[in-house]
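Right, one structure below, let's go through it.
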Number of protein chains: 2
Amino acid sequence: MVKSIPENTLRRLPQYLMVLKTLRAEGNYYVSSSDIAEAMQLNTVLVRKDLALVSHENGKPNQGRELSTIIKDIEAFLGYNTINEAVIVGVGMLGRALLSYQGFKEYGIDIILGFDENAEHPYTVNKTPIYHHKTMRNLIKRMHIQIGIIAVPKKVAQQVCDELIASGIKAIWNFAPVNLEVPREVYVHNENMAESLALIASKLKERS
Amino acid sequence: MVKSIPENTLRRLPQYLMVLKTLRAEGNYYVSSSDIAEAMQLNTVLVRKDLALVSHENGKPNQGRELSTIIKDIEAFLGYNTINEAVIVGVGMLGRALLSYQGFKEYGIDIILGFDENAEHPYTVNKTPIYHHKTMRNLIKRMHIQIGIIAVPKKVAQQVCDELIASGIKAIWNFAPVNLEVPREVYVHNENMAESLALIASKLKERS
DNA sequence: TAGATTGTTAATCGATTAACAATC
DNA sequence: TAGATTGTTAATCGATTAACAATC
């Protein structure tokens, strides 16, 4: 009974979560689909359908949904309860920023190791140990880590990607501005700054 | 004749650009829609339609498109030639990472100022001057800057957002995990790590 | 000429929205 | 009870894909 969920819904879920948590922090116990729809500028039916997909309890007519229940349901659905272990490759400015970000665990991901080609001697960034590149394949394999974060310059991104896959990595979060070539079974999520900038610039032009 | 372009196409454009530039670097002069489609795992017709939306020259049967022409067309469309000025608010780890990233200008954005509440005395990060928060409104107004980047902790994000809008900012690139409330005419683009993680975790689960 | 590739028209698919009966 | 809100079925809308004639 693993319902396959539309990608757009998946994108909205974390946003629902943010809105719902804000409402809860403001002292509310129940929420209606129109409350959420208004905060997020969405259609109420869309909200109801999305929530129906992830929760097993129905909302109550004339009352809405219990905030804490729906929050728990979304978190469970997104896997925020089962922590996935990840490694990061590349500990430059961006890598450090990601390592310093305290909030990832909250989202079900824990960066337990970092690798960098300049790490002649192991060191730590924000308590995460950083090892030399050359130990990467071995360590990832032994620890059965599934998620790899690529935060290296674009020239070496494909190469790092290949190594990660050879080490058994199943999902890649790519911050390098390149189109990585991977086998079908590996999932790549591009954190593409260029894509964001494209959207921003175009909306700005559109509205002026 | 400002064609309104589907958002999905807009998202794909920077990726086309990456693929096309790689091909050019490999010494190619022409590209066919099937080459691109294969590299990006898309349908060839989709590629042709996307490219048709942004280029004014037609492709040539039995030959494809001239690489340099289509690259130029996409770049022009995405506004990479007209540089937009931006400010960044919050110069912590993330803010520094963004300021250190050399590549933004290439994408038509130039972060010309930063603001931080700890900047008692102005300083620079990677040659960008950082001023104290309190001078923000004044400076942004005088310089007619349109894009604001929010890289502050989530508790103060909404407040910073309000100030940016009061200063005349028209587009916001938000890295804080909150749903910002803004007037309709302001465009917000959320760089939502939680959203990315949601997609990654779910794909990982789906495939196991 | 034959073949590869194009752009376009029509068909399909999926996501969003509208309409509405059910119910706390 | 009346009203607000729900979930569901049908309609709409838009994006993707299939089919195909045109052409270098």
Side-chain angles (χ1 to χ4, degrees), chain A residues 1-13 15-16 19-20 23 28-71 73-74 77 195 198-199 202-203 206, chain B residues 3-13 15-16 19-20 23 28-71 73-74 77 195 198-199 202-203 206:
Chain A
M1 202 220 57
V2 179
K3 329 165 216 184
S4 172
I5 205 165
E7 181 148 324
N8 284 354
T9 300
L10 216 42
R11 283 180 201 281
R12 285 188 292 264
L13 286 175
Q15 301 205 48
Y16 288 133
V19 169
L20 295 170
L23 287 168
N28 298 289
Y29 285 96
Y30 282 86
V31 65
S32 75
S33 63
S34 49
D35 293 341
I36 302 175
E38 206 201 330
M40 287 174 59
Q41 307 271 48
L42 299 173
N43 183 294
T44 60
V45 181
L46 188 61
V47 174
R48 286 205 287 283
K49 288 212 161 159
D50 281 347
L51 297 185
L53 284 172
V54 298
S55 69
H56 20 262
E57 223 166 292
N58 275 358
K60 289 175 194 156
N62 198 26
Q63 190 169 197
R65 282 173 179 277
E66 207 180 358
L67 259 173
S68 55
T69 310
I70 186 63
I71 287 176
D73 282 343
I74 297 178
F77 187 91
E195 185 185 301
L199 287 167
S202 131
K203 298 285 175 181
E206 208 172 88
Chain B
K3 331 165 214 184
S4 171
I5 204 164
E7 182 148 325
N8 284 354
T9 299
L10 216 42
R11 283 181 200 282
R12 285 188 292 264
L13 287 175
Q15 301 205 51
Y16 288 132
V19 169
L20 295 171
L23 287 169
N28 298 290
Y29 285 96
Y30 281 86
V31 64
S32 76
S33 63
S34 49
D35 293 340
I36 302 176
E38 206 200 329
M40 287 173 59
Q41 307 269 46
L42 298 173
N43 184 295
T44 59
V45 181
L46 188 60
V47 174
R48 285 204 290 280
K49 288 213 162 160
D50 281 346
L51 297 186
L53 283 170
V54 298
S55 68
H56 22 261
E57 222 165 293
N58 276 358
K60 290 176 194 153
N62 197 24
Q63 188 169 200
R65 282 173 180 278
E66 208 182 357
L67 260 174
S68 55
T69 309
I70 187 63
I71 288 177
D73 281 345
I74 296 179
F77 187 91
E195 186 185 300
L199 287 168
S202 131
K203 299 284 177 185
E206 207 173 88

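Nothing here was measured: the structure is a model prediction, and the numbers come from that model.
- Across L23(A), V19(A), L51(A), a single residue satisfies side chain to side chain contact (heavy atoms under 4.5 Å, CB included) together with V31(A), and that is L23(A).
- The pairing partner recorded for dA10(C) is dT17(D), the criterion being a Watson-Crick or G-U wobble arrangement whose two distances lie under 3.5 angstrom.
- Distance alone, capped at 3.5 Å, places no donor-acceptor pair between the R65(A) side chain and the R48(A) backbone.
- Between the P atom of dG7(D) and the CD atom of E57(A) lies a distance of 11 Å, rounded to the nearest Å.
- Comparing dA10(D), dG7(C), dA18(D) by their nearest atom to the side chain of V45(B) picks out dA18(D).
- Taking atom CG of residue N43(A) and atom P of nucleotide dT12(D), one finds them 16 Å apart after rounding to whole Å.
- For N62(B) and dT6(C), the shortest distance from a side-chain N or O to OP1 or OP2 is not below 4.0 Å.
- For R12(B), whose side chain is taken as the heavy atoms from C-beta onward, the closest listed nucleotide among dT17(D), dT16(C), dT16(D) is dT16(D).
- The 5' end of DNA chain C is approached more closely, in terms of each residue's nearest nucleotide, by R48(A) than by the other of R48(A) and K60(A).
- The distance from atom CD of E66(A) to atom P of dT6(D) is 14 Å, rounded to the nearest whole Å.
- Spacing between atom CG of L46(B) and atom P of dA19(D) amounts to 17 Å, rounded to whole angstrom units.
- N58(A) has its CG atom 8 Å from the C1' atom of dT6(D), to the nearest Å.
- Rounding to the nearest 0.5 angstrom, the gap separating the CG atom in N43(A) from the OG atom in S34(A) is 11.0 Å.
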Exercise for review: List the steps and the verdict of side-chain contact (heavy atoms from CB on, under 4.5 Å) for L20(A) and I36(A).
Suggested key: CA-CA 8 Å; L20(A) 295 170; I36(A) 302 175; 3.7 Å; yes
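- Comparing atom distances between the S32(A) side chain and each of dG7(D), dT6(C), dT5(D) picks out dT5(D) as nearest.
- Across the protein-nucleic acid pair, I5(A) atom CD1 and dG14(C) atom P stand 16 Å apart, rounded to whole Å.
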Point to revise | Chi angles and distances behind the side-chain contact (heavy atoms from CB on, under 4.5 Å) call for L13(B), I5(B) | key: CA-CA 11 Å; L13(B) 287 175; I5(B) 204 164; 4.3 Å; yes
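- For P61(A), taking side-chain heavy atoms from C-beta onward, the closest of the listed nucleotides dG7(D), dA15(D), dA4(D) is dA4(D).
- Checking the phosphate oxygens (OP1, OP2) of dG7(D), a side-chain nitrogen or oxygen of R65(A) falls inside 4.0 Å.
- Put simply, R11(A) has no side-chain N or O that comes within less than 4.0 Å of OP1 or OP2 on dA15(C).
- In this structure, N8(A) reaches the dT16(C) phosphate: one of its side-chain N or O atoms is under 4.0 Å from OP1 or OP2.
- You'll find that the side chain of K49(B) is closest to dT9(C), out of dG7(C), dT9(C), dA15(C).
- As rounded to whole Å, 14 Å separates atom P of dT5(D) from atom CG of L67(A).
- No donor-acceptor pair closer than 3.5 Å links the side chain of D50(B) to the backbone N or O of V47(B).
- Base pairing of dA22(C) is made with dT5(D), judged by Watson-Crick or G-U wobble geometry with both donor-acceptor distances under 3.5 Å.
- Using a 4.0 Å heavy-atom criterion, one finds that S33(B) contacts the sugar-phosphate atoms exclusively.
- In this structure, the CG atom of D50(B) is 7 Å from the P atom of dT16(D), given to the nearest Å.
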